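See below for the structure under consideration.
On a predicted model such as this, the values are computed, not experimentally measured, just so you know. Computed from heavy atoms alone, side chains included, the values below leave out hydrogens, waters and symmetry copies. A, B, ... follow the sequence lines: proteins, then strands. Residue 1 opens every chain.
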Amino acid sequence: MSEYNPSEIENSIQKLWREEKRFVSIPDDREKFYCLSMFPYPSGKLHMGHVRNYTIGDVISRYKKMQGFNVFQPMGWDAFGLPAENAAISNEVSPSEWTKENIEYMKGQLNSLGLGYDWSKELRTCEPSYYKWEQLLFKKFHEKGLVYKKKALVNWDPVDETVLANEQVIDGKGWRSGAQVEIKEIDQWFIKITDYADELLESLDGLDWPENVKTMQRNWIGRSEGAHIKFKVENSEDHLTIFSTRPDTIYGASFLAISPQHEIAVGLSKENIEISDFLDRCKEMKAAEADMAKAEKLGIPTGINAIHPLTGKRLPIWIGNFVLLDYGTGVVMGVPAHDQRDFEFASKYNLQITQVINKENNELPSMDKGILFNSDKYDGLSSKDAISSIIQDLKAENLGEGLVQFRLRDWGVSRQRYWGCPIPVAYKNDEPFLIDESELPVKLPDLPEGAGPIPLSQNETFINSKDGFKRETDTFDTFMGSSWYYARFPSADNDDEIFDENSKYWLPVDLYIGGIEHAILHLLYSRFFHKALRDLGMVEGNEPFKKLLTQGMVLKDGAKMSKSKGNTVDPQAYIEKYGADTVRLYMMFTSPPEQSLEWSESSVEGSSRFLKKLWNLISGRKYKIINEPNALSDPAKELRRKAHITLMKVKNDYDNRYSFNTVIAAIMELFNSIPDQCKSSNASDEDLFCLNETIIFILKALFPIAPHISEYLWNEYAKDVLQEDIDSSWPKFDEKLMEADSFQLVVQINGKVRGKIDLSVNLTQDEIESSAKSIENIRDNLEGKEIRKVIYIKEKIINFVI
RNA sequence: GGGGAUGUGGUGGAACUGGUAGACACGCUUGGCUUAGAACCAAGUGCCGCAAGGCGUGGGGGUUCGACUCCCUCCAUCCCUACCA
């Protein structure tokens, strides 16, 4: 017997997989299983979160293959993004060089972990062979009316004269220049995700996703029913339209508040210096989003009044820094008695507070619905009835209507960055034209040798296109690249078609695995893309990801591992020291996939220890063919029982729970329970038969998690005898073998454990009851007491209630 | 402010459908092996108590013969999001 040498076995097994092209998947008659893990951003090297994510995906893929599925598990790179530009500046390499080097290194790491990817379908979002299709999709979305241009706000660094991403704004200042960031309004491209708001919400119901993720998406989409209500502006023909979810509180309205960006506010600022100052202050605050939570609600009166549509009373119109222009109508009716924010605002500026709901309640503000008062002819109605009759009455006067409002907003996809996919548009006389399909891709120009990444807007040769056209210089949000890659993977090696027969065969993704932090944006964008692609006739089905598994974070000392906290652990050192199998086993053993995982050095040691023990038992042994014996010794029989019970439990945990930690615990327990007489060199054939079976079960059950050692030992031990590869099948358990002759009965008095007794399974309930009563401690406790009730749970518990 | 989660030994966690709380592992203690250490092997290890026994799943309350599990309430921690009318 040799010593367990992980790097040697792992190299030889990985070589075998490469030579066999083990993980190249092609359509066939088996049921398909498309297992996708969220592709990484090539930041340099893998972090522990990647290791965890990809191990989970690989475990499930390998298990599914053993269950007879045709499995497809691809991998690629979310390769555009800001870090490449930053690295380019500090390391003086081009973003493209930097990205490519990182990909090569990280790919090596993924392979050293033994992850079974079909590299023949690898894709990189930064390559023209990928993004030309992205540009085509944008064009098709445009033809469908899903794309438009409008002005939107960006963070502007006045010193560096550049647009900043949100994460580049620190405390309202540019991260590099330290200058106060300004808000600038520029033209940007938007995608009408809101066209699909209803469907994105409704089709969540049928998805096999974690409830918490579905809830988060529902809340993000934020459907709310309410009404538009028109308020006449005093001494004017104009109206202001507000949106409210509580028309029943309209008699409590004591002011209107408009957004600082509302046209009336902007108009007034031109003549009124105070208002103009106020708007400037609001702009400064917009930059420092993090502070906004604590920010005070501020307002300034416009001096204009509105007329209440039902009472005819005059209400002052204020400008409020808390009113958003792009939600609802940019105008709010202030009902201080029944809205927290309005209450604070009214208290601060001494505006009237009129209660109109639930007379007997005197704690304000109160958001509860209830019975109206102070509301004229609607007095006594419930909120629900009042809402419908008020809307009805307003509608009759053409002063309002009920409608549904979504919180979800359209998706701004323009980024003023170099390292991204160029937006395929050119302008003539400021008129945008989508680039013709035959001219795609619009390639991202290379940077001059040694130059930093300059935005396309400063690249004259790129801008000036033929026939006097000027190119769009913005690039796409990187979420664009990651929103449809799942559909491209099966066709990644096809340069002529975006989605070919392979995509049709493999889609939808059967299981998608990734971090919970993507629960909203990425998943929502992908779901939107799938629906839009469906409506373009390019994919089938309504949803891209049938099932979703969200993994928890990897923590160190109770906090998320991150570069900024300086508590990262480099997986590479552990792969080299202990081997991939140990790292994988540790990752899967330490906590279930959905929970956070606390990294602990010493526990890694424990995983390695188990693999060594496994090696020491099996290495050098050979499977011996023995006919199923008629009779077994008690220890061998017990081992066999345990082996079959374990196999059933393990299968259930793999299939229904993804709780690999309990899979491993059960395997360890089975391993620890192998009696010495079965392991000894002079074991009988009967004992060896049970040992054989147990080893087969353990290797098969462990293979998805620690594939190298399992396959290596399998090949030594059983492959030639059984004529079978380890990953080609899954053993069957026999429920008959799980039956036991006796069981342990727990005896309780009033629900407290007072004794235990081993009993034969063949006893009647009366016999069980009297056996229980015969236990000394039970007899003493029951002495002279009246038993009021006996509860018996079969082969588990008997409880005497006295 | 809104939303989502979590809380069990010294530690990571188990208990899947309301039925023996602490499986499995780490750590620790003791012993063996060793010149010594590492590794390995054996035994022990929730807390209090010499013991009998009592207590124990964030706190308090409730339902139940029986609660980590269900209900109410409070507290703490983490994540996401940012004034959504």
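- Between A:Ile793 and A:Asn212, it is A:Asn212 whose nearest contact on RNA chain B lies nearer the 5' terminus.
- Using a distance-only test at 3.5 Å, with no hydrogens or angles considered, a donor-acceptor pair links the side chain of A:Asp581 to the main chain of A:Ile709.
- Nucleotides B:rC55 and B:rG22, compared at atom C1', are 15 Å apart to the nearest Å.
- Comparing the same atom, C1', in B:rG9 and in B:rG60 gives a spacing of 23 Å after rounding to whole Å.
- For B:rG58, the base is anti relative to its sugar; the glycosidic angle deviates from 0 by more than 90°.
- Using a 4.0 Å heavy-atom criterion, one finds that A:Val790 contacts no nucleic acid atom at all.
- Among B:rG3, B:rA23, B:rU20, the nucleotide with an atom closest to any side-chain atom of A:Lys756 is B:rU20.
- Nearest nucleotide to the A:Met553 side chain, out of B:rC79, B:rG4, B:rA25: B:rC79.
- The salt bridge (Lys or Arg N to Asp or Glu O under 4.0 Å) check on A:Asp758 picks up nothing, with sequence neighbours excluded.
- Side-chain contact, A:Thr646 with A:Arg641: no donor N or O sits under 3.5 Å from an acceptor N or O.
- Following rounding to the nearest Å, A:Phe671 (CZ) and B:rA25 (P) show an atom-to-atom distance of 10 Å.
- Aromatic ring centres of A:Phe610 and A:Phe671 lie closer together than 6.0 Å.
- Not one N or O on the side chain of A:Thr590 forms a donor-acceptor pair closer than 3.5 Å with the backbone of A:Met587.
- Spacing between atom CZ of A:Arg341 and atom C1' of B:rA85 amounts to 5 Å, rounded to whole angstrom units.
- With both ends at atom C1', the span from B:rU20 to B:rA14 equals 14 Å, rounded to whole Å.
- No donor-acceptor contact under 3.5 angstrom links the side chains of A:Arg223 and A:Gln405, judged on distance only.
- A:Gly222 comes within 4.0 angstrom of no nucleic acid atom, judged by non-hydrogen atoms across all strands.
- For the C1' atom pair drawn from B:rG10 and B:rG46, the interatomic distance equals 10 Å after rounding to whole Å.
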Expected rows: protein N/O vs nucleotides 37-40 of chain B N/O, under 3.5 Å:
{"residue": "B:rC40", "atom": "OP1", "partner": "A:Arg609", "partner atom": "NE", "Å": "3.4"}

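- The salt bridge (Lys or Arg N to Asp or Glu O under 4.0 Å) test applied to A:Glu594 returns no partner, not counting sequence neighbours.
- Between B:rG53 and B:rA42, the two P atoms lie 32 Å apart (nearest whole Å).
- When each of A:Phe255, A:Phe278, A:Phe345 is paired with A:Trp318, the ring pair (Phe, Tyr, Trp, His ring centres under 6.0 Å) condition holds for A:Phe345 and for no other.
- Exactly one of A:Ile258, A:Ile229, A:Ile250, A:Val332 qualifies for a side chain to side chain contact (heavy atoms under 4.5 Å, CB included) with A:Ile242. That residue is A:Ile229.
- Across the protein-nucleic acid pair, A:Tyr578 atom OH and B:rC26 atom C1' stand 12 Å apart, rounded to whole Å.
- With hydrogens and angles ignored, the 3.5 Å screen pairs no side-chain donor or acceptor of A:Gln551 with any backbone N or O of A:Met553.
- Salt bridge annotation for A:Asp208-A:Lys547: present, with a cationic side-chain nitrogen under 4.0 angstrom from a carboxylate oxygen.
- Atom NZ of A:Lys796 is surrounded by 12 or fewer heavy atoms from other residues, nucleotides or ligands within 6.0 Å.
- Straight-line distance from the CG atom of A:Asn321 to the P atom of B:rC84: 12 Å, rounded to whole Å.
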task = Please report the C-alpha distance between A:Glu769 and A:Lys773 in whole Å, then the side-chain angles of each, then the deciding distance to 0.1 Å, and finally whether the salt bridge (Lys or Arg N to Asp or Glu O under 4.0 Å) criterion is met.
result = CA-CA 6 Å; A:Glu769 200 175 314; A:Lys773 282 179 188 162; 3.3 Å; yes

Given Watson-Crick and G-U pairs under 3.5 Å, RNA chain B in dot-bracket ([ ] crossing, | other strand) is (((((((..(((......[....)))((((((.......))))))(((....)))..(((((..]....))))))))))))....

Heteroatom pairs (N/O) under 3.5 angstrom, protein to nucleotides 8-15 of chain B:
{"residue": "B:rG12", "atom": "O2'", "partner": "A:Thr590", "partner atom": "O", "Å": "2.9"}
{"residue": "B:rG13", "atom": "O3'", "partner": "A:Asn661", "partner atom": "ND2", "Å": "3.4"}
{"residue": "B:rA14", "atom": "OP1", "partner": "A:Asn661", "partner atom": "ND2", "Å": "3.0"}
{"residue": "B:rA15", "atom": "OP1", "partner": "A:Arg657", "partner atom": "NH1", "Å": "3.0"}
{"residue": "B:rA15", "atom": "OP1", "partner": "A:Arg657", "partner atom": "NH2", "Å": "2.9"}

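- Among the heavy atoms of the strands, none lies under 4.0 Å from A:Arg218.
- On the P atoms, B:rU45 is 25 Å away from B:rG59, given to the nearest whole Å.
- No side-chain donor-acceptor contact under 3.5 Å links A:Asn219 to the backbone of A:Gly222.
- Nucleotide B:rA85 holds its P atom 22 Å from the CD1 atom of A:Ile317, rounded to whole Å.
- For A:Tyr63 and A:Asp655, the side-chain atoms include at least one donor-acceptor pair closer than 3.5 Å.
- The gap from the C1' atom of B:rA67 to that of B:rU17 amounts to 14 Å, rounded to the nearest Å.
- Nearest-nucleotide mapping onto RNA chain B: of A:Phe243 and A:Lys752, the residue sitting toward the 5' end is A:Lys752.
- Atom P of nucleotide B:rA85 and atom CD1 of A:Ile242 are separated by 12 Å, given to the nearest angstrom.
- Among the nucleotides B:rA25, B:rC84, B:rC83, the one closest to any side-chain atom of A:Met668 is B:rA25.
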A:Arg754 vs A:Lys752, test: side-chain contact (heavy atoms from CB on, under 4.5 Å). Steps then yes/no. CA-CA 6 Å; A:Arg754 295 295 172 194; A:Lys752 289 202 183 273; 3.5 Å; yes

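- Contact annotation for A:Asn672: backbone-only contact, meaning every heavy-atom pair under 4.0 Å involves sugar-phosphate atoms and none involves a base.
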Below 3.5 Å between N/O atoms, which protein atoms pair up with nucleotides 65-71 of chain B? Just atom names and distances, please.
{"residue": "B:rC65", "atom": "O2'", "partner": "A:Asn799", "partner atom": "ND2", "Å": "3.4"}
{"residue": "B:rC65", "atom": "O2", "partner": "A:Asn799", "partner atom": "ND2", "Å": "2.5"}

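- A gap of 45 Å separates the P atoms of B:rA36 and B:rA21, to the nearest Å.
- In this structure, CD of A:Gln217 is placed 13 Å from C1' of B:rC80, rounded to the nearest angstrom.
- With rounding to whole Å, A:Leu201 atom CG is found 19 Å from B:rC84 atom P.
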